[in-house]
There are 2 protein chains.
Amino acid sequence: MDVSTLPPPVTHESDTCAVVRAILARVGDKWSILIVRMLGDGSMRFSELRRSIEGISQRMLTLTLRNLERDGLVERTVTPTTPPRVDYELTDLGRSLQSITEAFGRWAVTHRDQIENARIRFDARQ
Amino acid sequence: MDVSTLPPPVTHESDTCAVVRAILARVGDKWSILIVRMLGDGSMRFSELRRSIEGISQRMLTLTLRNLERDGLVERTVTPTTPPRVDYELTDLGRSLQSITEAFGRWAVTHRDQIENARIRFDARQ
DNA sequence: CGGTATCCGTTGAGATACTG
DNA sequence: CAGTATCTCAACGGATACCG
């Protein structure tokens, strides 16, 4: 058996940390999660996303979608009509991320008060 | 029964999204997850963290720890000796976050290759 | 409609020096 | 040892204008 083909058994955790950190940096930006969640209900076109995500600029929507597409989380489909039509939908990879963000969402909702209270107490001490 | 006292039953998901986004922004920064994971093994003092987290500056370690403390994820204990000793450890709230970050970590490790390949293909198309 | 390109203010984060 | 203060530069992100 060739040992070199074994997955590294997480000898030093920093590897894993670096990966987690990279993913979080990717999906932890201002708009990615919001977009992934919106697309969770099915394919949407650019202007739909733009309208349904309050406060996002056209530039940031484009940039965020490009990054998600680059990472293989979102697929972009162009229909070259006039006017052009561009649809976005989650890939299998993108959908696999959903359960994680949902777990995160439940944690956030469950603990939001604890965090809020901790902040109030902390700020009061200063 | 006063309807106004009922928690909003997530009529529109944007509320939840905002919370998730805020938490991700908090814990999705460059160093927080790394610190939470280091502290997962038990209490550590400032200089220990500094040495074990490669590349972090003293300033960013201080700032990140302060933010984690403010949100109630980390507890700071000062022992006023000379030289002073400051220990950091996860609170219950911080530990409750661990299972989430671990799930995230498993997802990241499992799909890192898919993401990497998606990037390579995307960049090749440009 | 679905983008790019450009400008510009705000924030993030490293380097360095100083302090109780 | 465990910070704080200051400086600096880069990245993020909004506003606006233009294009196929």
Side-chain angles (χ1 to χ4, degrees), chain A residues 17-18 21-36 38-39 43-71 74-89 122-123 125-126, chain B residues 14 17-18 21-36 38-39 43-71 74-89 119 122-123 125-126:
Chain A
C17 286
R21 193 145 59 85
I23 305 286
L24 274 175
R26 170 81 290 286
V27 92
D29 66 11
K30 197 170 178 181
W31 304 109
S32 292
I33 288 290
L34 226 46
I35 292 178
V36 168
M38 295 307 299
L39 292 178
S43 155
M44 291 178 80
R45 50 192 300 193
F46 188 85
S47 48
E48 279 185 288
L49 283 168
R50 184 154 158 61
R51 275 192 303 274
S52 58
I53 299 176
E54 190 164 12
I56 196 170
S57 64
Q58 191 172 25
R59 177 175 171 272
M60 288 317 296
L61 180 54
T62 301
L63 283 177
T64 309
L65 285 169
R66 281 292 173 288
N67 282 326
L68 292 172
E69 188 194 357
R70 184 168 113 95
D71 287 356
V74 160
E75 188 178 355
R76 178 174 180 265
T77 309
V78 182
T79 312
T81 56
T82 47
R85 175 194 179 97
V86 182
D87 290 277
Y88 293 91
E89 64 181 327
F122 182 89
D123 294 344
R125 285 203 298 274
Q126 309 311 316
Chain B
S14 47
C17 287
R21 194 146 57 86
I23 305 286
L24 273 175
R26 170 79 288 287
V27 91
D29 67 10
K30 197 169 177 182
W31 304 108
S32 291
I33 288 289
L34 225 47
I35 292 177
V36 167
M38 294 306 301
L39 292 178
S43 156
M44 292 177 81
R45 49 192 302 193
F46 187 86
S47 49
E48 279 183 291
L49 283 168
R50 184 153 157 64
R51 274 192 304 272
S52 57
I53 299 176
E54 190 164 10
I56 195 170
S57 65
Q58 191 170 25
R59 177 176 170 271
M60 289 316 297
L61 180 55
T62 301
L63 284 177
T64 309
L65 284 169
R66 282 292 173 286
N67 282 326
L68 292 172
E69 188 194 358
R70 185 170 113 95
D71 288 355
V74 159
E75 187 179 355
R76 178 174 179 265
T77 309
V78 182
T79 312
T81 55
T82 45
R85 174 195 181 98
V86 181
D87 290 277
Y88 294 90
E89 63 182 327
R119 283 186 187 168
F122 182 90
D123 293 344
R125 284 202 299 274
Q126 308 310 317

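Just so we're on the same page: letters track the sequence lines, and every chain starts at 1.
Nearer the 5' end of DNA chain D, as judged by each residue's closest nucleotide, is the contact made by B:L65, out of B:L65 and A:P84.
The two residues B:Y88 and B:L39 make their nearest non-hydrogen contact at O-CD2, 3.4 Å. Here the closest heavy-atom approach between residue A:M44 and residue A:M38 is recorded as SD-O, 3.8 Å.
Put simply, the side chain of B:T81 gets close to the backbone of B:P83: a donor and an acceptor are under 3.5 Å apart.
A:L34 places none of its side-chain heavy atoms less than 4.5 Å from the side chain of A:I56. Between B:M60 and B:K30 there is no side-chain heavy-atom pair separated by less than 4.5 Å. A heavy-atom distance below 4.5 Å is not found between the side chains of A:T79 and A:V86. For the pair A:L63 and A:W31, the minimum side-chain heavy-atom distance is 4.5 Å or more.
Under the rule for a salt bridge (Lys or Arg N to Asp or Glu O under 4.0 Å), the partners of A:R85 that lie at least two apart in sequence or sit in another chain are A:D87. Annotation: salt bridge (Lys or Arg N to Asp or Glu O under 4.0 Å) contacts of A:R26 (sequence neighbours excluded): A:D29, A:D71.
Running 5' to 3' along DNA chain D, contacts with non-hydrogen atoms of chain A at under 4.0 Å begin and end at D:dG13 to D:dG20.
Atom CZ of A:R45 is separated from atom C1' of C:dC1 by 7 Å (rounded to the nearest Å).
One end of the helix from C:dC1-D:dG20 to C:dG20-D:dC1 points its axis 40° away from the other end's axis, with each axis taken from 5 pairs and the angle rounded to 10°.
Screening residues 51-62 of chain B for salt bridge (Lys or Arg N to Asp or Glu O under 4.0 Å), with sequence neighbours left out, gives no hits.
Dashed line: the shortest gap from a side-chain N or O of A:R50 to OP1 or OP2 of C:dG3 is not under 4.0 Å.
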Every protein N/O within reach of nucleotides 10-17 of chain C N/O, cut-off under 3.5 Å:
from	atom 1	to	atom 2	distance (Å)
C:dA13	N7	B:R59	NH1	3.1
C:dA13	N7	B:R59	NH2	3.0
C:dG14	OP1	B:K30	NZ	3.0
C:dG14	N7	B:R59	NH1	3.2

